[in-house]
There are 2 protein chains.
Amino acid sequence: MELNTQRKRTSKRRRDILDASLRCFMKHGIEAATIEQIREASGASSGSIYHHFGSKQAIAVALYLDGMEELAIVLRNAMQEQDDLRQGIRNVIAAYLLWVSENRDWALYLLRVATADLSRDEASTIDEINRRSREDLARWLRPFVDRGEIEQLPDELYASLIYGAATHFARHWLVGRLTLDVDFVVETLAHAVWCSISKPAPPDRSATNKSRNGKSKGLKSAANPLRSGKGASK
Amino acid sequence: MELNTQRKRTSKRRRDILDASLRCFMKHGIEAATIEQIREASGASSGSIYHHFGSKQAIAVALYLDGMEELAIVLRNAMQEQDDLRQGIRNVIAAYLLWVSENRDWALYLLRVATADLSRDEASTIDEINRRSREDLARWLRPFVDRGEIEQLPDELYASLIYGAATHFARHWLVGRLTLDVDFVVETLAHAVWCSISKPAPPDRSATNKSRNGKSKGLKSAANPLRSGKGASK
DNA sequence: CATGTTCTAGAATATTATTCTAGTCAAGCC
DNA sequence: GGCTTGACTAGAATAATATTCTAGAACATG
């Protein structure tokens, strides 16, 4: 674990370049930011920058991986609650939105790059991160599924159901289109998410009628709704 | 409405450039695609391209606006259902995912540019579109809110609750990370969304106990969850 | 201290967005 | 028909900027 001065210097330079890059990317736009700007902001020479990263795109990817890693840790920590899942889900959503609100630049950057076009290599690294994150979630939820507290669904969908609304909100909020109180949003989204994945009641026959018994019907009836939806023109 | 040959030629050229640009953007990446490639793919000269659009960025924005406009129409059409909101919401989600699956390139492009960094002007045009889209939704939902069928919420949140999960799913699906059957996803998401915004039962006291009565409690209790959430470290 | 490796600076190069110049073409007017 | 005007186009010229190259400094190690 001994870091000699070489390595210390190196990793500091790397970090300086990354930090400067994030600032430049957010200030001028990822595409518009120039190596010259990053060079100036970081104090490194262009040669040094290229030595460490190889291309501007590679800097962007490294930055993305850094951020995703950090966010994944935040979320993983929020998944500790083992008793009350409802509370746990609220914690996760709260943690996410809190992180977003405290790291606006960083969060916005992640949302921007998330769908950017990347090389095979880069994409597969990112896939890996996403896969792990999905697994974190699935592992956490499994006991609750087994106990019948929440619906059994493909792992892929849990992420969409749990993070979808929060992400959507964050995206618009960060761009300044929305102005709601974050605390309120947390509670509202947490409540909504909980309703959307929790199972009706225990083995209590005679469940409520209107809003909760539709599961199997909803899932099977109206065959091929994709073809019959009204807006399906084109 | 008479189009002289001049205008016909002009608008065809414009469209050719836009179409070619979308192809190039998706093939090489928005950033990586060059004017030269667009020139070749569209058959227009670089001079012509700049005459019509002024910059590569401007092409990207025009393309985005085009796509958003089309998608907005698809969604608006799906919001016709006036009787059964549950069905209506399913239609909307189905229409969205159907459109996405039938216009993958286009859909992916919209997701990519949605958060891209833009100039003041461009951003405000896009804000406008988003605002209108939010209004479409709010207007459609209002009667149902009045009748007490769904929760009363700030307009801003309806979009996140209704589109959030579908968008999240689409994002990952389009990048090829997920492989679920779209029909199944539509039903699942529609069901989840419905549960998350529909109101318990009518004025029927003695509602189910566990999963539906927590609204007010969920919203008020556990003050300031943002500060107390476990994952809130850093 | 000799030697190889990693890192850095800054100039040289290559790529690409953008601008400029000189036209072409259609449409209206005499 | 000729003439004029304005929109459009082609392709060369320019400028901005990513990337590569070369020489050397800083450091670790034997």
Side-chain angles (χ1 to χ4, degrees), chain A residues 1-25 27-63 113 116-119 121-122, chain B residues 1-64 113 116-119 121-122:
Chain A
M1 197 36 68
E2 176 231 354
L3 288 190
N4 50 31
T5 68
Q6 178 85 310
R7 297 204 172 184
K8 245 184 275 175
R9 225 178 18 133
T10 293
S11 83
K12 173 168 182 343
R13 186 70 347 152
R14 251 188 85 92
R15 183 111 298 277
D16 286 348
I17 294 173
L18 283 176
D19 291 346
S21 295
L22 180 59
R23 287 199 303 277
C24 290
F25 285 164
K27 180 168 176 188
H28 309 283
I30 299 174
E31 185 153 353
T34 72
I35 293 289
E36 169 64 17
Q37 289 162 345
I38 294 173
R39 189 188 62 63
E40 190 181 330
S42 68
S45 68
S46 65
S48 184
I49 294 173
Y50 275 88
H51 170 76
H52 286 294
F53 295 98
S55 77
K56 188 178 138 185
Q57 168 105 324
I59 300 176
V61 172
L63 217 42
V113 176
D117 21 55
L118 305 164
S119 74
D121 257 13
E122 300 158 346
Chain B
M1 199 32 73
E2 175 232 354
L3 289 190
N4 51 29
T5 68
Q6 179 85 310
R7 294 204 176 188
K8 247 185 271 176
R9 224 175 20 129
T10 291
S11 83
K12 174 170 182 340
R13 182 86 326 162
R14 250 188 87 92
R15 183 110 299 278
D16 286 349
I17 294 173
L18 283 176
D19 291 345
S21 295
L22 180 58
R23 287 199 303 278
C24 289
F25 285 165
M26 296 319 289
K27 179 169 177 187
H28 309 283
I30 299 174
E31 184 153 355
T34 73
I35 294 288
E36 169 65 16
Q37 289 162 344
I38 294 173
R39 190 188 61 63
E40 190 181 329
S42 68
S45 68
S46 64
S48 184
I49 293 173
Y50 275 88
H51 170 75
H52 286 294
F53 295 96
S55 76
K56 186 177 138 186
Q57 169 103 324
I59 299 177
V61 171
L63 216 41
Y64 180 78
V113 177
D117 22 54
L118 305 163
S119 74
D121 256 13
E122 299 158 345

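In what follows, chains are A, B, ... by sequence order, proteins preceding strands, each numbered from 1.
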Query raised in the report: Quantified as the angle between the terminal helix axes (five pairs each), what is the overall bend of the helix from C/dC1-D/dG30 to C/dC30-D/dG1 to 10 degrees?
Result: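 End-to-end axis angle: 10°.
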Query - side-chain contact (heavy atoms from CB on, under 4.5 Å) partners for B/Ala60, two or more places apart - result: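 Listed in chain order: B/Phe25, B/Tyr109.
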Report task. Can you figure out which of D/dA18, C/dA9, D/dT9 approaches the side chain of B/Ser48 most closely? Result ->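 Nearest nucleotide to the side chain: D/dT9.
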Atom-to-atom span, [atom1] of [X] to [atom2] of [N] - whole angstrom:
{"X": "A/Glu31", "N": "D/dA18", "atom1": "CD", "atom2": "P", "result": "10 Å"}
{"X": "A/Ile17", "N": "C/dC7", "atom1": "CD1", "atom2": "C1'", "result": "11 Å"}
{"X": "B/Glu36", "N": "D/dT14", "atom1": "CD", "atom2": "P", "result": "19 Å"}
{"X": "B/Lys12", "N": "C/dA26", "atom1": "NZ", "atom2": "P", "result": "15 Å"}
{"X": "A/Arg39", "N": "C/dT8", "atom1": "CZ", "atom2": "C1'", "result": "12 Å"}
{"X": "B/Arg13", "N": "C/dC25", "atom1": "CZ", "atom2": "P", "result": "13 Å"}

Query raised in the report: Is there a donor-acceptor contact under 3.5 Å from the side chain of B/Lys27 to the main chain of B/Ala33?
Result: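 No, B/Lys27 side chain to B/Ala33 backbone: no donor-acceptor pair under 3.5 Å.
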Requested in this report: Give a yes or no answer on whether the side chain of A/Gln37 reaches the backbone of A/Thr34 with a donor-acceptor pair at less than 3.5 Å.
Outcome: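 Pair found, side chain donor or acceptor close to backbone of A/Thr34.
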Of all heavy-atom pairs between [X] and [Y], which one has the smallest distance, and what is that distance?
{"X": "A/Glu31", "Y": "B/Lys56", "answer": "OE2-NZ, 3.8 Å"}
{"X": "A/Ser21", "Y": "A/Ile59", "answer": "OG-CG2, 3.3 Å"}
{"X": "B/Ser42", "Y": "B/Ala20", "answer": "CB-CB, 3.5 Å"}

Does [X] make a side-chain N or O approach to OP1 or OP2 of [N] shorter than 4.0 Å?
{"X": "B/Arg14", "N": "D/dT9", "value": "no"}
{"X": "A/Ser45", "N": "C/dT8", "value": "no"}
{"X": "A/His51", "N": "C/dC7", "value": "yes"}

Query - With sequence neighbours excluded, residues passing salt bridge (charged side-chain N to carboxylate O under 4.0 Å, His left out) with A/Arg23 - result: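 Once residues adjacent in sequence are excluded, A/Arg23 has no partner under the salt bridge (charged side-chain N to carboxylate O under 4.0 Å, His left out) criterion.
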Query raised in the report: Residues in salt bridge (charged side-chain N to carboxylate O under 4.0 Å, His left out) with B/Glu36, at least two apart?
Result: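 Salt bridge (charged side-chain N to carboxylate O under 4.0 Å, His left out) check on B/Glu36 returns B/Arg39.
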Anything under 3.5 Å between a protein N or O and an N or O of nucleotides 18-20 of chain C, put it in a table, one pair a line.
| unit_1 | atom_1 | unit_2 | atom_2 | d |
| --- | --- | --- | --- | --- |
| C/dT18 | OP2 | B/Tyr50 | OH | 2.8 |
| C/dT18 | OP2 | B/Lys56 | N | 3.0 |
| C/dT18 | O5' | B/Tyr50 | OH | 3.4 |

Report task. Mind checking A/Ala33 for me? I need base, sugar-phosphate or nothing, with any heavy atom below 4.0 Å counting as a touch. Result ->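 Counting heavy atoms under 4.0 Å across all strands, the contact made by A/Ala33 is with sugar-phosphate only.
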Using residues 45-52 of chain A as the side-chain source, report each donor-acceptor pair under 3.5 Å to any protein atom, sequence neighbours left out, with the distance given to one decimal.
| unit_1 | atom_1 | unit_2 | atom_2 | d |
| --- | --- | --- | --- | --- |
| A/Ser45 | OG | A/Ser48 | N | 3.1 |

